[in-house]
Visitor: 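Let me begin by handing over the structure; questions about it come next.
In this text, all values refer to a predicted model and were calculated from it rather than measured experimentally. Atoms within each ligand, like the ligands themselves, are counted from 1 in listed order.
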Amino acid sequence: MTQGVPKVIIHGGAGSSVGHQERLLTLREDMHSIVGQVYSKAETGASARDCVVLGCQLMEDSPHFNAGYGSVLQSDGQVRMSAGLMDGDAQRFSGIINVSRVRHPIDLAAYLQPAADRVLSDLGAAELAREMGIVPFDPVTDVRLKEWMRERANNFQSAMAGVVAETVEIPADPESRRGTIGVVVLDAEGRLAVGTSTGGKGLERLGRVSDSATPAGNYANAFAAVSCTGIGEDILDECLAARIVVRVTDGLDILAALEKSFREATAHGRDFGAIALSRQGQIAWGKTSDVLIAAYHTGDGVGDTLELDLGTLTGVVQPL
Ligand code: ASP
């Protein structure tokens, strides 16, 4: 097979604002560094799936995002994380739901790729972590704990935690920060893969299941791959990732598929964003939320969506 130019797009959540300028620069630095590292791996000929796992691990390590270290706390003050991984080449989904005390939830999803039982939750997830010999890891940061304590004092008024971690102690606008992460890669051999990892909405009821480890939030086949972020219930209601991928599979151009899906989502009053890649190497995104924190590598250079106009619904970078 002829070698093509790999493509990478990652997201760090969607919401109502990126925050002040200093914060935007910190996020940009983080995102550009991670997208660069994932691209470097793809350049060595690594599979899309391996590149996606690396990208998710790097983002899970960053306290700026609501995944792995720096995840938001649920209503009972505990962190429970979920991750989905889909290999578009094999068209195979695996996932882990509401796992605690691990550093990289994506590793559990990756481990399950060849397994007979490919989506595990709660007790099964804890058993799997033990079986994999994962050293217990506490993902709670001081910022997250203080955020939860403030919310508790306020009798959990917020519908959603501030899901991108602030570097300052008291965020000015907790609603403005979301930070589920997603990574989509097209490798040099033309294979697509996608991974999504999250601490959830934050402040949610025990047992709530995020969209991130379902095909609504994370889906890929040979034609396209999509990772979503935002209100999980909205993403489930639209079955967003699978909806976009199926439209591309049935012949719509990726931008047209996003346009159609995001127009429908706007009409339904949804609040979310998505990143996508097509097998032709088109890098694309869509959002109904005000901001989408995403960065991409075209093979030629790095770009991001951090300063898009508020009303922007979709965008695409065509391959050269
Ligand atoms: N989609 C995630 C959830 O609802 C949250 C997010 O993307 O910020 O669990």
Visitor: Which residue from Leu236, Thr229, Asp234 reaches closest to atom 7 (O) of ligand 1 through any of its heavy atoms?
Guide: Thr229

Visitor: Check contact between Arg208 and ligand 1, using heavy atoms of the residue and a distance below 4.0 angstrom.
Guide: yes

Visitor: For atom 5 (C) of ligand 1, which of Asp271, Thr196, Val209, Thr180 has the closest heavy atom?
Guide: Thr180

Visitor: Check salt bridge (charged side-chain N to carboxylate O under 4.0 Å, His left out) between Asp122 and all other residues, then give those that pass, not counting sequence neighbours.
Guide: none

Visitor: Would you call Gly200 a ligand 1 contact, heavy-atom distance under 4.0 Å?
Guide: yes

Visitor: Checking Phe262 against Phe272 for the ring pair (Phe, Tyr, Trp, His ring centres under 6.0 Å) test, could you report, in this order, the C-alpha distance in whole Å, the side-chain angles of both residues, the deciding distance, and whether it holds?
Guide: CA-CA 9 Å; Phe262 277 83; Phe272 52 49; 5.7 Å; yes

Visitor: Are Asp211 and ligand 1 in contact, using a heavy-atom cut-off of under 4.0 Å?
Guide: yes

Visitor: Inspect the surroundings of CG in Asp117 and state if more than 12 heavy atoms from other residues, nucleotides or ligands are less than 6.0 Å away.
Guide: no

Visitor: With nothing but distance in play, are any N or O atoms of Ile235 less than 3.5 Å from an N or O of ligand 1?
Guide: no

Visitor: Got more than 12 heavy atoms from elsewhere within 6.0 Å of CE, Met149?
Guide: no

Visitor: Carefully, step by step, assess Glu204 and Lys201 under the rule salt bridge (charged side-chain N to carboxylate O under 4.0 Å, His left out).
Guide: CA-CA 6 Å; Glu204 62 266 75; Lys201 283 196 299 191; over 6 Å; no

Visitor: I'd like to check whether Ser212 has a polar contact with ligand 1, where a contact means an N/O of the residue lying under 3.5 Å from an N/O of the ligand.
Guide: no

Visitor: Backbone or side chain, does any N or O of Gly230 fall under 3.5 Å from an N or O of ligand 1?
Guide: yes

Visitor: Relative to the ring of His297, is the ring of Tyr39 parallel (under 30°), tilted (30 to 60°) or perpendicular (over 60°)?
Guide: parallel

